[in-house]
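Note sheet for the following structure.
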Amino acid sequence: MQDAHLSCQSPTEFCLRQALRMKAVGILTLIGCLVTGAESKIYTRCKLAKIFSRAGLDNYWGFSLGNWICMAYYESGYNTTAQTVLDDGSIDYGIFQINSFVWCRRGKLKENNHCHVACSALITDDLTDAIICAKKIVKETQGMNYWQGWKKHCEGRDLSDWKKSCEVS
Ligand SMILES: *[C@@H]1O[C@H](CO)[C@@H](O)[C@H](O)[C@H]1NC(C)=O
């Protein structure tokens with residue numbers, strides 16, 4: 001069972017392949033993968049830089065890639081499945097810790113859902129929806145002040161450090 005559980009920390013494909021390989025506990029692993037969300041993932045800084053760059057975040061609304069990388073680090077530690085329940089009962093979701101009260105739809109709760117997206121779509125390893133929503137936040141709130149982690153640790157700093165260790169095409 002230990003193995004079956006651990007394999008679910010990896011991306012879906014690996015998880016499912018593992019499930020097929022392990023005949024004895026295969027079915028259990030498969031069920032585990034489906035139930036616990038096989039898509040949880042901690043990205044490396046360089047991988048994120050590449051994904052962010054391709055998604056057009058570099059200099060989006062004037063914010064360099066370093067700002068996005070720094071923000072994601074202080075908000076979630078690059079953890080795509082990070083969730084934080086706040087005092088008011090709303091929840092911050094995913095790598096950018098996007099809040100359910102204003103920005104996404106949580107179950108059948110009638111909240112504002114400005115990003116027109118299910119909150120659950122913001123905690124997958126496919127960052128497409130999270131990035132689209134983050135762009136909308138920057139646009140609608142006119143900057144990155146939405147993110148406390150960014151204000152506290154990133155704003156006004158030299159954030160070009162990541163370039164030394166990553167190659168972004
Ligand atoms: C990522 O976030 C999930 C959900 O909050 C948590 O269970 C998991 O332990 C986190 N992973 C790491 C490595 O912090």
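Only this structure's heavy atoms are used, side chains among them; waters, hydrogens and symmetry mates stay out. Order of appearance sets the numbers: ligands from 1, and atoms from 1 within every ligand. For this chain, numbers begin at 1 and follow the sequence in order.
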Do Asp58 and Ser53 pass the side-chain hydrogen bond (donor to acceptor under 3.5 Å, both in side chains) test, and can you show the C-alpha distance, the side-chain angles, and the key distance before you say yes or no?
CA-CA 6 Å; Asp58 193 11; Ser53 175; 5.6 Å; no
Applying side-chain hydrogen bond (donor to acceptor under 3.5 Å, both in side chains) to Asp158 and Ser160, what does each step give before you reach the verdict?
CA-CA 6 Å; Asp158 175 10; Ser160 57; 2.8 Å; yes
Test Trp103 against Asn113 for side chain to side chain contact (heavy atoms under 4.5 Å, CB included), laying out the working first.
CA-CA 4 Å; Trp103 302 102; Asn113 190 16; over 6 Å; no
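Inspection of the Ser90 and Asn99 side chains reveals an N or O donor paired with an N or O acceptor under 3.5 Å.
For ligand 1, the protein residues within 4.0 angstrom (heavy atoms only) are Ile42, Asn79, Thr81, Ala82, Gln83.
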Show me, pair by pair, the donor-acceptor contacts under 3.5 angstrom made by side chains of residues 63-73, not counting sequence neighbours?
| from | atom 1 | to | atom 2 | distance (Å) |
| --- | --- | --- | --- | --- |
| Ser64 | OG | Asn67 | ND2 | 3.0 |
| Asn67 | OD1 | Trp150 | NE1 | 2.9 |
| Trp68 | NE1 | Leu57 | O | 3.0 |
| Trp68 | NE1 | Phe63 | O | 3.3 |

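Two different hydrophobic clusters hold Leu159 and Val138 under the rule that ILVMFWY side chains link at heavy-atom gaps under 4.5 Å.
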